[in-house]
Structures are given as structure tokens and as C-alpha cells.
There are 2 protein chains.
Amino acid sequence: MSLPHAILTALLEKPSSGLELTRRFDRSIGYFWSATHQQIYRELGRLEHDGLIRALPTEQPARGQKKSYEVLPAGRAELARWTATSQDPKPMRDVLLLRLRAAAVVGTEGIETDLRHHLTLHRRQLAEYQEIENRDFGPGRDSAQDRLQHLVLRAGIDLETFWIQWLSHALEELGRLPAPE
Amino acid sequence: MSLPHAILTALLEKPSSGLELTRRFDRSIGYFWSATHQQIYRELGRLEHDGLIRALPTEQPARGQKKSYEVLPAGRAELARWTATSQDPKPMRDVLLLRLRAAAVVGTEGIETDLRHHLTLHRRQLAEYQEIENRDFGPGRDSAQDRLQHLVLRAGIDLETFWIQWLSHALEELGRLPAPE
DNA sequence: TCCGGTTGTGCAACTAGTTGCACAATGGTG
DNA sequence: CACCATTGTGCAACTAGTTGCACAACCGGA
């Protein structure tokens with residue numbers, strides 16, 4: 001149950017409307033916890049209902065009007081509680097690895113194209129992360145908050161680097177394989 | 001929709017009963033596609049109903065009796081089709097990174113313990129992978145099938161290595177942080 | 001022999017995430 | 001002004017995964 005906490009974090013960083021949140025999930029939080037706008041609206045409703053956030057008052061609230069939310073004390077408390085609570089890591093789930101294992105049994109047809117495709121996407125993502133790192137984490141930015149956020153970004157960068165290396169290696173191996181019958 | 005295909009792969013490697021499958025998911029396939037026994041039984045039912053697998057005939061099939069399944073040609077075909085079909089990578093979801101980002105806002109209380117815990121688990125997993133590598137992938141084992149499976153194992157090993165490094169680095173950083181108020 | 005632990009199979013209810021669509025307001029274009 | 005794309009909010013139905021429990025068969029020891 002992490003989406004509500006992702007939203008609380010985002011709202012604490014900066015009060016936002018549903019759509020703004022959606023955009024921020026596409027850009028930054030979503031790099032490690034993605035969500036669609038439908039999920040976000042639903043969750044905003046729940047959080048408001050539970051008294052963890054509230055809509056900022058506006059002149060004329062109506063459908064199709066922007067509606068911004070801010071976190072209430074109860075919301076901050078809940079986030080702090082959740083953050084401090086230990087959680088077991090979820091076992092990973094990776095379709096590509098699964099497909100590779102299946103390919104060992106039924107043949108590697110079509111896999112290579114897809115490995116290349118993934119390689120492209122990961123390279124792109126890495127470039128994006130590095131751009132963020134250069135832009136937002138130059139020398140001098142070393143408050144506690146900066147360091148923590150940088151740490152998270154580092155994880156992203158190193159993960160993408162890992163995938164790029166592994167995919168390159170996999171493609172080499174695949175090329176060296178005896179051609180399928 | 002990958003669980004059925006994980007099961008088909010496992011059954012092609014070796015026909016099994018529900019419980020045997022469960023065990024194998026705990027040991028090997030589950031390293032990158034985990035599933036509970038309940039999921040597995042449900043899915044076996046569906047696959048049988050759809051004509052992709054069938055129960056091996058036994059003397060006295062009854063509740064509480066082992067029931068083994070094997071893959072039918074239609075099942076193999078479906079697995080081959082799925083394996084060859086390209087799929088976009090799912091955006092990743094990592095609670096720990098999310099919590100770290102939340103910690104940047106509400107404080108790092110409790111995080112350190114958990115980072116250590118994760119570190120332990122990842123070290124243990126790495127050791128397990130390395131044992132498998134030594135046992136099953138010595139020199140000489142380089143058929144197409146061996147190489148592909150080794151590739152998958154390599155991904156596991158490198159991923160665990162990445163996490164261990166990142167967690168160590170994170171713990172260092174956290175120790176260097178100004179103590180929370 | 002009966003009793004409790006283990007093995008093996010399975011249903012039901014719940015939770016979280018995805019997909020598809022609806023619809024109001026706004027702002028620019030012919 | 002009429003049209004249409006874009007922005008913004010939201011409901012409903014579906015899919016996949018999780019949790020909790022039930023229950024039969026088998027096996028060992030008191």
C-alpha cells in the first residue's frame with residue numbers, strides 16, 4: 001500500500017492538483033513509483049475522505065476546475081509512521097528474464113529485437129537521469145534533503161547502467177548462439 | 001499476464017504436480033517471477049480448462065492425491081508465441097526508494113535499520129545465486145540452453161551486487177547526515 | 001488406535017493496479 | 001459564433017496478485 005504515501009510525499013514537497021500530480025509522477029516520483037491519473041484521482045478522494053489531505057479553498061470549485069490539495073497534520077503523521085515502518089522487499093518480477101528462460105526451451109525467435117528495444121529505452125532513461133543529476137545536484141547542494149534525493153537518483157542511474165551492461169552482454173551471447181533450426 | 005507462461009515453461013522443463021511447481025517457484029523460477037501455491041493451483045486449473053496442459057493419468061485421482069501435469073502442443077505453441085512477442089518494460093516500483101524520498105521530507109527515523117536488513121537479505125540471495133552458478137554452470141556447460149539460463153542467473157547476480165553496493169553507500173551517507181532534531 | 005504433524009489441493013474474499021470511457025471547461029480557428 | 005482540440009476531473013469494470021482458510025490423505029509415535 002504505497003500509492004497514498006507516494007502522493008503524500010509529493011504533496012508535502014509541493015501542494016498540487018490531480019493533473020499536476022500526474023505530471024510529476026511522470027517526471028520524477030514515477031521513476032520508482034508510477035501511477036496513472038485515474039489511480040491518483042481515486043486516491044486523492046480517499047485521502048481527503050480519511051482526513052489526511054484537504055482541498056485548498058478556491059473561488060468556484062466545479063467539475064473541470066483545477067483543485068489543489070495540501071497535506072494535513074494527520075497526513076504528515078501517517079507518512080512519518082509509514083516511512084519509519086520496516087517492510088520486507090518484494091520478490092522481483094521481470095518479464096524479460098522470464099521470456100529468456102522460456103526461450104531456452106521454445107527458441108529465441110523474436111527475443112533479440114526486443115533486447116535491442118529495451119537497450120534503447122534504458123539508454124534513454126539513463127541519459128534523462130544524468131541530465132537531472134547535472135542540473136539539480138551540482139557541488140554545494142548537500143543539505144540532508146539533497147543528499148537523500150541524490151541517493152535515490154544514484155540508485156536509478158546505477159540500475160539503468162546495470163541493465164545496459166547486461167543487455168549488451170545478452171545480445172553478444174545471443175549472437176554467438178548456434179542458429180535455431 | 002505472465003504467470004501462465006511461467007508455469008508452461010516450468011512444466012516443459014519437467015512435468016510436475018502443483019506442489020512440486022510451488023517448490024520450484026521458490027527455488028528457481030520464482031527468483032524472477034514469484035507465485036504462491038494458491039495462484040499456481042488456480043492457474044493450473046485454467047490452463048487445463050483451456051487445453052494447454054493436461055493431467056497425467058494416475059491410478060486413483062482424488063483430493064489430496066498428487067496430480068502431475070504436462071504441456072500439450074497447444075501449450076507449447078502459446079508459450080512460443082508469447083516468448084516471441086515484444087513487450088514494453090514495466091516501469092519499476094520500489095518501496096525502499098520511495099521511503100527514502102519520503103524520509104527526505106519527514107525524517108530518516110527507522111530507515112537505517114531497514115537498510116541493514118535489506119543488505120543482509122541481498123547478501124544472502126547473492127550467496128545463493130553464486131552457489132547455483134558454481135554448482136550448475138561450471139566450464140563445459142555451454143549448450144544453447146545452458147548459456148541462456150546462465151545469462152538469466154548472471155542478471156540475478158549482478159542485480160544483487162548492485163543492491164549491496166548501493167545499500168552500503170546509502171548507509172554511509174546516512175551515517176554522515178546531520179542528526180535529526 | 002487415535003492423534004497430531006506434514007503433504008497436497010483448492011475455494012473465497014479482498015486489495016491494488018489497469019483499461020476504457022465520460023464529460024465539463026477553456027481557448028484558439030474558420 | 002460554431003467547432004474542435006486540449007486540459008482537467010472522475011467513474012466503472014476488469015485483471016492480477018494476496019491473504020486466509022478448509023479439508024483430505026498419509027505417516028509417525030504414544
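Throughout, a chain's letter reflects where its sequence line sits, starting with A, and its residues are numbered from 1.
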With 3.5 Å as the limit, what N/O pairs link the protein to nucleotides 16-18 of chain C?
from   : atom 1 : to      : atom 2 : distance (Å)
C:dT18 : OP2    : A:Gln39 : OE1    : 3.1
C:dT18 : OP2    : B:Arg93 : NH2    : 3.4
C:dT18 : O4     : A:Arg42 : NH2    : 2.3

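Rounded to an integer number of Å, the gap from B:Ile7 CD1 to C:dT9 P is 13 Å. Distance B:Ile40 CD1 to C:dG8 P: 13 Å, rounded to the nearest Å. Rounded to whole Å, the distance from CG on A:Asp88 to C1' on D:dT19 is 15 Å. The CZ atom of A:Phe25 sits 17 Å away from the C1' atom of D:dT9 (whole-angstrom rounding). Distance NZ (B:Lys67) to C1' (C:dT7): 16 Å, rounded to an integer number of Å. One can place CG of A:Leu56 at 12 Å from P of D:dT9, the figure rounded to the nearest angstrom. The interatomic distance linking B:Tyr41 (OH) with D:dT19 (P) rounds to 19 Å, in whole Å. Rounded to a whole Å, the CD atom of B:Glu43 is 16 Å from the P atom of C:dT9.
For B:Glu13 and A:Arg101, the salt-bridge test passes: some basic side-chain N is under 4.0 Å from an acidic carboxylate O.
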Listed pairs under 3.5 Å, donor-acceptor, residues 85-92 of chain B side chains, sequence neighbours left out:
from    : atom 1 : to      : atom 2 : distance (Å)
B:Thr85 : OG1    : B:Arg81 : O      : 2.7
B:Gln87 : OE1    : B:Trp82 : NE1    : 3.2

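Under the 3.5 Å distance criterion, the side-chain polar atoms of A:Arg141 are matched with a main-chain donor or acceptor of A:Asp136.
With hydrogens and angles left out, the side-chain atoms of A:Ser143 and A:Asp146 include a donor and acceptor closer than 3.5 Å.
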Chi angles and distances behind the side-chain contact (heavy atoms from CB on, under 4.5 Å) call for A:Arg76, A:Leu12
CA-CA 8 Å; A:Arg76 174 180 280 267; A:Leu12 276 173; 3.6 Å; yes
Given the rule in the side-chain contact (heavy atoms from CB on, under 4.5 Å) test, do B:Ser2 and B:Trp33 qualify, once you have shown the distances and angles that lead to the verdict?
CA-CA 8 Å; B:Ser2 307; B:Trp33 201 273; 3.6 Å; yes
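Within the 4.5 Å cutoff, the side chain of B:Leu97 has no heavy atoms near those of the A:Leu151 side chain.
Ring geometry, A:His122 versus A:Trp163: the interplanar angle falls under 30°, so the pair is classed parallel (tilted spans 30 to 60°). Note: A:Tyr129 and A:Tyr31 have perpendicular aromatic rings, judged against thresholds of 30 and 60 degrees for the angle between ring planes.
Against DNA chain C, the stretch residues 16-23 of chain B makes heavy-atom approaches under 4.0 Å through B:Ser17, B:Gly18, B:Leu19, B:Arg23.
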